[in-house]
Amino acid sequence: MFLTCLDLEGVLVPEIWIRFSEATGIKELERTTRDEPDYDKLMNFRIGILKSRNLGIKEIQQTIAGIDPLPGAKDFLDELRSFTQVIILSDTFEQFAAPLMKKLGFPTIMCNSLEISEAGEITGYKMRCKQGKLATVKALQSIGYRTIACGDSFNDLAMIEASAAGFLFRTTESIKETHPEIPAFTEYGELLAAIKNSITAGNR
């Protein structure tokens with residue numbers, strides 16, 4: 001049985017931190033996992049900037065309230081779920097993801113959580129597990145699933161490489177150049193066809 005694992009930001013919705021960077025004018029917050037492979041380093045950098053600017057969860061959630069799924073993402077996800085089970089594996093946080101899941105039709109998501117003070121300051125974060133995407137893919141495989149994985153960033157490569165089939169979607173040129181063995185797509189129709197073909201071939 002196949003199960004498809006999708007990244008969230010950059011694949012189904014815009015990058016939240018980039019949108020928040022645009023809303024606040026803080027250019028440093030444009031940096032994402034496409035640019036920085038070390039997630040701990042990236043998040044500590046972000047939290048430090050938020051603290052220095054006296055920004056917290058309220059301001060970020062106000063930005064998220066205005067974010068819609070990428071054009072075509074909801075239809076893609078609906079069609080994908082018509083022929084395979086789907087789980088979204090993301091390094092985002094439940095406090096960010098909840099309103100976006102409503103707009104996507106409440107798919108299953110596994111992500112992390114923020115540590116927030118009573119005043120609304122983001123003081124830290126708690127990862128669901130170490131190497132969450134890869135660990136989840138391996139756990140699913142251990143109970144009999146064959147996984148297909150898709151993402152756009154450095155932190156998606158491990159789950160893509162560990163899966164029966166894996167794809168890059170709207171990724172950077174540098175990631176495509178360093179991983180030419182991974183098929184890369186820019187349109188949902190192409191990705192949908194590739195996933196469907198992988199499942200069909202695997203079931204023969």
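For this chain, numbers begin at 1 and follow the sequence in order. For the numbers below, each heavy atom of this structure counts, side chains included, while hydrogens, waters and symmetry mates do not. Just so it is clear, the model here is predicted, and its values are computed rather than measured.
With a 6.0 Å radius and a threshold of 12 heavy atoms from other residues, nucleotides or ligands, E190 has its CD atom above the threshold. Surrounding NZ of K58 are at most 12 heavy atoms belonging to other residues, nucleotides or ligands under 6.0 Å away. Counted within 6.0 Å of OH on Y125, heavy atoms from surrounding residues, nucleotides or ligands total more than 12; the atom is thus considered enclosed.
Among residue pairs with one or both ends in residues 47-88, those qualifying as ring-ring contact (aromatic ring centres under 6.0 Å, His included) are F76-Y188; sequence neighbours excluded.
Minimum heavy-atom separation, V137 to A162: CG1-CB, 4.4 Å. Pairing each heavy atom of L114 with each of I57, the nearest pair is CD1-CD1, 4.0 Å. Closest non-hydrogen pair, S117 versus T123, comes out as CB-CG2, 4.2 Å. Nearest heavy-atom pair, K103 versus I64, reported as atom, atom and distance to 0.1 Å: NZ-O, 4.5 Å. Among all heavy-atom pairs drawn from R146 and A164, the shortest one is NH2-CB, 4.2 Å. Shortest non-hydrogen contact noted between D152 and R170 is CB-O, 4.1 Å.
Atoms CD1 and SG, on I148 and C5 in that order, are 9.0 Å from each other to the nearest 0.5 Å. Considering CE of M110 and CD of E94, their distance stands at 13.0 Å, rounded to 0.5 Å. Residue T4 holds its OG1 atom at 11.5 Å from CD1 of I88, rounded to the nearest 0.5 Å. How far CG of L8 is from CG of D91: 10.5 Å, rounded to the nearest 0.5 Å. Once rounded to the nearest 0.5 Å, the distance linking SG of C111 with CD1 of I109 reads 4.5 Å.
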Before giving the answer on salt bridge (Lys or Arg N to Asp or Glu O under 4.0 Å), spell out for K51 and E121 the whole-Å C-alpha distance, their side-chain angles and the decisive distance to 0.1 Å. CA-CA 8 Å; K51 186 176 180 63; E121 178 186 355; 3.2 Å; yes
Please test T136 against R128 for side-chain hydrogen bond (donor to acceptor under 3.5 Å, both in side chains), starting from the C-alpha separation and ending with a verdict. CA-CA 10 Å; T136 302; R128 181 172 52 84; 2.8 Å; yes
Passes side-chain hydrogen bond (donor to acceptor under 3.5 Å, both in side chains), S90 versus E9? Steps please. CA-CA 8 Å; S90 176; E9 294 178 65; 4.7 Å; no
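The aromatic ring centres of F185 and F167 sit less than 6.0 Å apart.
Qualifying side-chain contact (heavy atoms from CB on, under 4.5 Å) partners for P14, counting only residues two or more places apart in sequence or in other chains: R19, I67, L70. The side-chain contact (heavy atoms from CB on, under 4.5 Å) check on K27 picks up E30, with sequence neighbours excluded.
Note on L29: it clusters hydrophobically with F93, by side-chain heavy-atom contacts below 4.5 Å among ILVMFWY residues. By the rule that hydrophobic residues join a cluster once side-chain heavy atoms approach within less than 4.5 Å of another member, M159 and Y39 end up as members of separate clusters.
Side chains of I175 and F154 form a contact here, defined as non-hydrogen atoms less than 4.5 Å apart.
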